[in-house]
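Below you'll find the structure, written out as structure tokens, and then a few comments.
Note that the numbering runs from 1 along the sequence shown for the chain. Basis for what follows: all heavy atoms, side chains included, without hydrogens, waters or symmetry-related copies.
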Amino acid sequence: MNYFYVMNGKKLKQALIITVAVLFAIGIIYSERENVSVFSQYEPAAVYSIPTERKLIALTFDISWGDTRTEPILQILENKGIRNATFFLSSPWTKSHPDTVSKIVKGGWEIGSHGHKHVNYSSLNDEEIRAQIKTAHQIIQEVTGTSPNLLRLPNGDFDKRVLQIANELRYTVIQWDTDSQDWMNKGVDTIINRVLSKAHPGDIILFHASDSVKQTHEALPVIIDKLREKGYEFVTVSQLMKQTKVSNQPPVEDQTMKPVR
């Protein structure tokens, strides 16, 4: 009988040691999992829209070249009383069009960066990406007197490196949830119908004000009126981002869009 109890005692001790070891291993795995989760939450990501129940929409306009399309669009916004819109300016265009840029500044519209060279940043090395963003920032700051912190990349192209470098330079990358496809010049009605069918609360809508778009200034007044009829309020991207947690696509998914100018 004594021998029986000695053997059980040994087995019990072994079982306790194994149990403790298993619990310790589970604790490590859980801790590491939590660390990964916390880290991933802080990975930079591009903003496409903002989840909100309020009927808020951000009209955004990319400008990279041309002399004739921007001012008519500014006039429409002025006539419609739209003071909250965001313009993403390329730095070469900004430098060569100071008078038009001055009108954007005086109009009170928000200014973001559309980068320097109109190339896919994912094709550049890290130092080139950093140089493109910093060069654009310096030029836009000098011409506008403002320091932009929103970045829309040329062609909407980025990868994880671009997001990380932009974040290091205190920029938030802004994409869009509704593409008007105005740059394709498919027709005024097509642009109007596309935007109105896709627009939703918290949406960021992509337009252009470069000379490549020939119908935006005709479609825009109708779009503004129709969205107002639906109860939408127009805000800048920054105002929209203040509403709630941003909606973004996973940073592991690199983005390359069709050429947009």
**Item:** D179 vs K198, salt bridge (Lys or Arg N to Asp or Glu O under 4.0 Å): CA-CA, chis, key distance, verdict
**Value:** CA-CA 9 Å; D179 182 356; K198 293 180 176 295; over 6 Å; no
**Message:** Walk me through whether S122 and D157 qualify under side-chain hydrogen bond (donor to acceptor under 3.5 Å, both in side chains).
**Reply:** CA-CA 7 Å; S122 64; D157 170 85; 2.8 Å; yes
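The aromatic rings of H97 and W93 sit parallel to each other, their planes meeting at less than 30°, with 60° as the upper class boundary. Between F87 and F61, the ring planes are parallel. Angles under 30° get that label, and only those over 60° would be called perpendicular.
Between S210 and I63, the closest heavy-atom pair is OG-CA, 3.4 Å. When all heavy atoms are compared, the tightest approach of A166 to V173 is CB-CG2, 3.9 Å. N120 approaches P154 most closely through the heavy-atom pair OD1-O, 4.1 Å.
Every salt bridge (charged side-chain N to carboxylate O under 4.0 Å, His left out) that E168 has, sequence neighbours left out, goes to R130. With sequence neighbours left out, the salt bridge (charged side-chain N to carboxylate O under 4.0 Å, His left out) criterion links R54 to E233.
Under a cut-off of 6.0 angstrom, the local environment of NZ in K117 is sparse, with at most 12 non-hydrogen atoms contributed by other residues, nucleotides or ligands.
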Throw together a table of side-chain donor-acceptor distances under 3.5 angstrom for residues 214-223, partners on residues two or more places apart or in other chains.
| from | atom 1 | to | atom 2 | distance (Å) |
| --- | --- | --- | --- | --- |
| Q215 | OE1 | G187 | N | 2.9 |
| T216 | OG1 | D182 | OD2 | 2.8 |

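A salt bridge is defined here as a Lys NZ or Arg NE, NH1 or NH2 lying under 4.0 Å from an Asp or Glu carboxylate O, and R83 with E78 meets this definition.
H118 and S90 share no side-chain donor-acceptor pair at under 3.5 Å. Between the side chains of S238 and E110, a donor-acceptor pair is found at a separation under 3.5 Å.
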